[in-house]
Structure formats: C-alpha cells, structure tokens
Amino acid sequence: MDPRTYFENYVAKHDGQAAAARHLGIPYQTIAAVCSGQRGIGHKLAQRMVEADPSLDASVLVWVRPLRDAAEKQKAA
C-alpha cells in the first residue's frame, strides 16, 4: 500500500475528512488539502498526527506528497 492510499484509508475509516480532522486535532482545511493532493505531509505534521493517534505510522505519512497535477492546477489558477 502506498502512502497516499494509507492516509486515504485512514480518513475513510474515520468517516471522512471532517471527522478525521476532529479526531487528529488538525484543521479540516489541512486534511482536505492533503486528500485533494494540494499538499503533502511533512515531518512536523506527521508527528502531530501520531501524537493524536498512535495507530498511525509517521514513517509512512511523511511520504504523502502533493500530486503533481493538483499543484500545477493551483499554479494555473
């Protein structure tokens, strides 16, 4: 399972982006941006997520990168 799928499965397991954001104590906008591919997960964000939910693996989360197409679309807008 690749890192993006790992994170998407986690979000789905927690009934969507809003519920996952509440569970992790992370702003909804951040979770939504990661899910849409507009941003990735850095070391600090991964650590915050693991502190909120130890079932997550920070070494997998830091490999969730922005999607190239999403980043290019944002630049064009």
Side-chain angles (χ1 to χ4, degrees):
M1 177 181 322
D2 67 81
R4 181 160 294 283
T5 302
Y6 174 80
F7 185 69
E8 289 171 351
N9 286 342
Y10 178 83
V11 170
K13 184 175 96 175
H14 285 86
D15 298 322
Q17 296 173 8
R22 282 191 301 275
H23 180 74
L24 294 171
I26 306 273
Y28 167 78
Q29 294 84 350
T30 301
I31 300 300
V34 172
C35 289
S36 70
Q38 293 179 336
R39 71 168 286 167
I41 299 175
H43 291 282
K44 287 182 183 180
L45 182 56
Q47 191 58 42
R48 283 178 56 199
M49 290 178 172
V50 170
E51 287 171 4
D53 187 345
S55 73
L56 286 169
D57 184 350
S59 66
V60 174
L61 291 174
V62 296
W63 291 103
V64 177
R65 301 285 183 228
L67 297 174
R68 179 177 229 152
D69 293 337
E72 289 173 3
K73 286 178 186 175
Q74 189 173 8
K75 286 180 186 177

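Cluster annotation: Leu67 is not connected to Val64 through the hydrophobic network of ILVMFWY side chains, with a link wherever side-chain heavy atoms come within less than 4.5 Å. Tracing side-chain contacts under 4.5 Å through hydrophobic residues (I, L, V, M, F, W, Y), one reaches Met1 starting from Phe7; they form part of the same cluster.
Residues His14 and Ala19 approach most closely at O-CB, 2.9 Å, considering heavy atoms. Pairing each heavy atom of Leu61 with each of Ala46, the nearest pair is CB-CB, 4.0 Å. When all heavy atoms of Met49 and Leu24 are compared, the pair lying nearest together is O-CD2, 3.7 Å. Trp63 and Pro3 get closest at one heavy-atom pair: CB-CG, 3.5 Å.
Under the 4.5 Å side-chain criterion, counting only non-hydrogen atoms from C-beta, Cys35 is in contact with Val11. At least one side-chain heavy atom of Leu45 sits less than 4.5 Å from a side-chain heavy atom of Arg39.
Under the 3.5 Å distance criterion, the side-chain polar atoms of Arg4 are matched with a main-chain donor or acceptor of Arg65.
One finds the CD atom of Gln17 at 9.5 Å from the CD atom of Glu8 (value rounded to the nearest 0.5 Å).
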Show the atom names and distances, to 0.1 Å, of all donor-acceptor pairs under 3.5 Å that link a side chain in residues 52-60 to residues at least two apart or in another chain.
from, atom 1, to, atom 2, distance (Å)
Asp53, OD1, Ser55, N, 3.0
Asp53, OD1, Ser55, OG, 2.7
Asp53, OD2, Tyr10, OH, 2.6
Asp53, OD2, His23, NE2, 3.1
Asp53, OD2, Ser55, OG, 3.4
Asp57, OD1, Ser59, N, 3.0
Asp57, OD1, Ser59, OG, 2.6
Asp57, OD2, Ser59, OG, 3.3

